[in-house]
Amino acid sequence: MMRPQDTPTRETKSLDGLWDFVLDAAGDGRRDQWWRAPLVGSRSMPVPASYNDIVPSADFRDHVGDAWYQRRVQVPAGWVGQRIVLRFDAATHRATVYVDDVEVVSHEGGYTPFEADVTALVTPGSAARVTVVVNNELTFRSIPPGEVLDDGGRRRQRYHHDFFNYAGLHRTVRLCSTPRVHVADLVVTTGLDDGTGTVGYDVEVGGGVAEVSVALVDAEGREVATGSGASGTLVVPDVHPWRPGEGYLHDLVVTLHVDGVVIDTCTQPVGVRTVEVRGSSFLINGEPFYFRGFGKHEDAAVRGKGHDDALMVHDFELMAWIGANSFRTSHYPYAEEVLDYADRHGIVVIDETAAVGLNLPLSGGQIGADTRATYSSETIDDTTREVHAQAIRELVARDRNHPSVVVWCIANEPETTSEESRAYFAPLLDLTRELDPTRPVGVVNMFLAPAGRCRVSDLCDITMINRYYGWYVDAGDLAAAEVRLEAELRAWAAQGRPVVLTEYGGDALPGLHAIADVPWTEEYQVALLDMTHRVLDRVDGVVGEHVWNFADFATSSGVSRVDGNRKGVFTRERRPKAVAHALRRRWRPTA
Ligand code: BDP
């Protein structure tokens with residue numbers, strides 16, 4: 001699937017804005033075929049946004065089930081003879097789409113794009129009714145998993161991950177035109193050897209047959225290599241590489257011709273760089289890279305997980321201010337705009353699937369929440385694994401051309417001490433490598449599966465661990481925490497893979513202060529990070545530190561959460577806590 005783009009042969013039309021919207025907790029709409037007419041009793045709902053916090057009502061916030069979006073779309077008159085595609089960048093967690101009376105596509109998974117070819121259903125110059133039913137239920141057959149409980153007739157959503165189950169049309173919706181014979185897909189892989197770059201390309205032509213030619217253009221507009229044929233390798237002597245801190249991009253311009261006439265053209269930004277794990281080093285372009293940054297969330301007041309360019313650019317500016325060079329898309333694939341921005345600015349990304357909460361004994365930092373086995377025929381099973389595999393396929397297909405993405409993370413903190421966990425993850429790790437042999441793959445480990453007991457880490461290329469010494473373990477006792485953290489990190493480093501501490505930190509309520517080591521104060525959050533950094537600096541084989549979290553974020557309710565998770569270095573409104581200044585001193589000592 002190609003990214004929508006405007007080129008001499010292609011156009012896009014944004015369908016963002018206000019849609020008609022109704023909740024359908026009873027699930028009447030599918031039975032009564034609500035897509036066949038204007039939605040009855042609808043209200044306005046912004047797209048992109050989560051619907052949960054738009055309306056001040058528990059019916060919206062705690063909704064479980066279907067929700068319907070609808071709008072009329074004017075199809076541009078100039079699109080006669082073109083192929084017309086309706087594209088959703090995300091619908092959380094699943095959706096079915098109708099154009100007028102006809103169902104056109106269904107999609108499972110809340111964080112990857114899907115599209116429908118609607119050429120035969122719409123008429124350029126006329127309007128069509130687009131209806132989308134979005135469903136937010138999490139079950140043991142979804143990624144992330146969850147369970148819908150029946151509380152005496154009231155349906156309640158339960159899940160084991162620690163962020164609010166926002167839902168809706170979270171990302172842009174577009175109507176796109178392409179030529180009938182078109183570039184359907186494009187895969188790019190890059191290499192770098194002694195100053196010479198290579199760009200391997202593989203073009204898929206859809207809708208017919210055409211000749212393919214490609215040209216690689218550098219950021220100054222110079223054509224630096226050309227090629228013909230659907231696949232090949234371009235060689236660029238003295239290439240200007242993409243590197244952390246400098247998002248230098250070339251453009252690969254792909255052109256389709258029939259009998260010498262151009263019929264389609266599209267452009268793919270390309271960063272020429274390599275990624276490699278060698279021993280306990282993580283190398284980008286052959287040079288050791290140390291990850292400094294955050295686990296993040298797509299989360300903000302009012303819009304929930306709705307993508308917003310203002311917030312995105314602000315977050316990146318704050319990361320630059322503090323000296324971060326990387327982040328993890330915890331705990332799901334982020335909007336494609338985010339990866340585009342990272343590409344252009346040389347920010348390094350660990351790209352994660354939405355497989356979070358595959359760990360029944362754990363919930364929101366609490367242990368013992370559930371005594372069932374995580375992997376069983378009643379809980380996470382082979383069917384779940386197939387849904388997970390599809391999530392991996394869609395993540396790799398969507399993001400493989402982004403130079404910023406250097407690691408695939410296929411799950412966060414799953415249960416990994418049982419034999420069943422190994423059987424579950426081994427094929428998924430193999431699948432990821434088969435789909436993309438160019439990037440290291442891993443699973444983020446949690447503290448109940450230390451080195452030696454974890455049955456999955458030896459299958460990974462890189463060790464990613466989340467540890468909360470000084471918070472969930474040894475709260476208020478940083479001396480004990482320091483000893484334990486060091487012992488653990490050394491045990492992981494001894495396994496010989498590079499180690500990234502992908503989460504560490506503690507909650508702090510801005511304005512809460514103390515002289516003693518008191519959890520929840522701003523001082524304690526600083527002291528906990530200082531302790532962690534002392535240890536990280538002492539242990540060889542550690543290649544990165546990602547603080548949890550960039551900003552405070554919404555969670556489900558619970559006694560360990562004060563209006564959400566408050567481990568943010570910034571508040572949810574993006575104001576710095578004391579720890580932000582401390583991190584800046586560490587990460588940008590000369591600023
Ligand atoms: C880890 C999870 C993360 C949580 C964090 C916490 O990976 O999603 O938000 O702990 O408890 O277990 O703050």
Side-chain angles (χ1 to χ4, degrees), residues 110-111 138 143-146 158-166 293-299 305 327-334 350-370 374 407 409-417 442-450 454 456-457 463-475 481 485 488 500-509 519-520 524-525 528-529 532 544-572 577 579:
Y111 307 95
L138 298 175
I143 292 293
R158 178 177 185 203
Y159 44 92
H160 288 258
H161 55 270
D162 183 36
F163 57 91
F164 191 80
N165 186 34
Y166 281 117
F294 301 97
K296 286 188 91 258
H297 264 299
E298 292 187 314
D299 175 87
K305 292 201 177 303
F327 65 95
R328 176 168 60 116
T329 71
S330 40
H331 294 306
Y332 35 82
Y334 288 3
I350 298 176
D351 205 1
E352 188 162 286
T353 68
V356 55
L358 285 72
N359 200 330
L360 299 195
L362 188 79
S363 185
Q366 307 286 310
I367 304 165
D370 198 324
T374 297
V407 173
C409 175
I410 65 165
N412 180 70
E413 294 198 346
E415 190 283 294
T416 56
T417 55
V443 171
V444 167
N445 164 284
M446 57 93 63
F447 79 105
L448 291 174
C454 180
V456 170
S457 49
T463 297
M464 298 184 278
I465 62 172
N466 297 346
R467 289 299 181 272
Y468 285 94
Y469 290 104
W471 192 255
Y472 296 120
V473 179
D474 298 325
L485 173 62
E488 253 231 85
V500 181
L501 188 57
T502 33
E503 288 185 26
Y504 62 105
D507 295 68
L509 287 183
W520 293 92
Y524 187 73
Q525 192 183 29
L528 197 165
L529 262 57
T532 308
E545 52 197 56
H546 277 176
V547 178
W548 190 256
N549 186 285
F550 173 75
D552 293 347
F553 58 92
T555 64
S556 60
S557 301
V559 288
S560 65
R561 297 290 175 255
V562 182
D563 189 22
N565 188 308
R566 310 300 288 269
K567 295 189 185 67
V569 166
F570 298 92
T571 65
R572 202 177 191 210
K577 298 182 191 171
V579 75

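When a ligand or atom number is given, it counts from 1 through the structure's own listing order.
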Asker: Under 4.0 Å from ligand 1, counting heavy atoms only, is it the side chain of Val356, its backbone, both or neither?
Answerer: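 For Val356, no heavy atom sits under 4.0 Å from ligand 1.
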Asker: How about Leu509 and Trp520: do any of their side-chain heavy atoms sit closer than 4.5 Å?
Answerer: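 A side-chain contact exists here, since the closest heavy-atom pair is under 4.5 Å.
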Asker: Between Tyr166 and Lys305, is there a cation-pi geometry (under 6.0 Å to ring centre, at most 45° from the normal)?
Answerer: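 Judged by the rule, Lys305 and Tyr166 form no cation-pi pair.
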Asker: Hey, what do you get for OG (Ser560) to CG (Asp162), rounding to the nearest 0.5 Å?
Answerer: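 Result: 7.0 Å between the selected atoms.
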Asker: Can you tell which part of Tyr472 has a heavy atom less than 4.0 Å from ligand 1: side chain, backbone, both or neither?
Answerer: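 Side chain only.
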Asker: By side-chain hydrogen bond (donor to acceptor under 3.5 Å, both in side chains), which residues pair with Arg566, not counting sequence neighbours?
Answerer: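 For Arg566, the residues satisfying side-chain hydrogen bond (donor to acceptor under 3.5 Å, both in side chains) (neighbours in sequence not counted) are Asp552.
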Asker: Heavy atoms only, cut-off 4.0 Å: how does His160 contact ligand 1, side chain, backbone, both, or neither?
Answerer: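 Near ligand 1, His160 shows nothing, with every heavy atom at 4.0 Å or more.
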Asker: Which ligand 1 atoms are under 4.0 Å away from a heavy-atom of Asn412?
Answerer: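 By the 4.0 Å cutoff, the relevant atoms are 2 (C), 7 (O).
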Asker: Where's the contact between Val444 and ligand 1, heavy-atom distance under 4.0 Å: side chain, backbone, both or neither?
Answerer: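 Neither part.
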Asker: Start with the C-alpha gap between Arg328 and Glu503, add the side-chain angles, then the distance that decides, and say whether salt bridge (charged side-chain N to carboxylate O under 4.0 Å, His left out) holds.
Answerer: CA-CA 10 Å; Arg328 176 168 60 116; Glu503 288 185 26; 2.8 Å; yes
Asker: At a 4.0 Å threshold, what atoms of ligand 1 neighbour a non-hydrogen atom of His331?
Answerer: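 Ligand 1 atoms under the 4.0 Å threshold to His331: 3 (C), 7 (O), 8 (O).
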Asker: Under a 4.0 angstrom heavy-atom cut-off, which atoms of ligand 1 come close to Arg561?
Answerer: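 Counting atoms of ligand 1 from 1, those under 4.0 Å from Arg561 are 6 (C), 11 (O), 13 (O).
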Asker: Write down the atom of Asp370, the atom of Leu360, and the distance for their closest heavy-atom approach.
Answerer: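 Looking at all heavy atoms of both residues, the closest pair is CB-O, 3.0 Å.
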Asker: Can you tell me which portion of Phe553 lies within the under-4.0 Å heavy-atom range of ligand 1? Options are side chain, backbone, both, or neither.
Answerer: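 Side chain only; the backbone of Phe553 stays clear of ligand 1.
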Asker: Does Tyr468 come within less than 4.0 Å of ligand 1, judged by its heavy atoms?
Answerer: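 Yes, Tyr468 has a heavy atom closer than 4.0 Å to ligand 1.
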Asker: Considering only heavy atoms of Lys567, which atoms of ligand 1 have at least one such atom less than 4.0 Å away?
Answerer: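 Those of ligand 1 that fall under 4.0 Å from Lys567 are 6 (C), 11 (O), 13 (O).
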Asker: Is it the side chain (CB and beyond), the backbone, both or neither of His161 that lies under 4.0 Å from ligand 1, heavy atoms counted?
Answerer: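 Looking at His161 and ligand 1, no heavy atom falls under 4.0 Å.
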Asker: Considering Arg566, Glu503, Arg467, His297 one by one, which has a heavy atom nearer to atom 7 (O) of ligand 1 than any of the others?
Answerer: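 The residue whose heavy atom sits nearest atom 7 (O) of ligand 1 is Glu503.
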Asker: Rounded at 0.5 Å granularity, tell me how far CD in Glu413 sits from CG in Leu358.
Answerer: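 So the gap between those two atoms works out to 11.5 Å.
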Asker: With sequence neighbours left out, write down each residue that passes ring pair (Phe, Tyr, Trp, His ring centres under 6.0 Å) with Phe553, or none if nothing qualifies.
Answerer: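 Residues passing ring pair (Phe, Tyr, Trp, His ring centres under 6.0 Å) with Phe553: His297, Trp548.
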Asker: Going by the order shown, which atoms of ligand 1 are within less than 4.0 Å of some heavy atom of Asn466?
Answerer: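 That gives atoms 7 (O) of ligand 1.
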Asker: Where on Asn549 is there a heavy atom closer than 4.0 Å to ligand 1, on the side chain, on the backbone, on both, or on neither?
Answerer: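 Under 4.0 Å from ligand 1, Asn549 contributes no heavy atoms.
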Asker: Is it possible for you to check whether Lys567 lies under 6.0 Å from the centre of the six-membered ring of Tyr468, through NZ or CZ, and within 45° of that ring's axis?
Answerer: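 Output yes; distance and angle both within limits.
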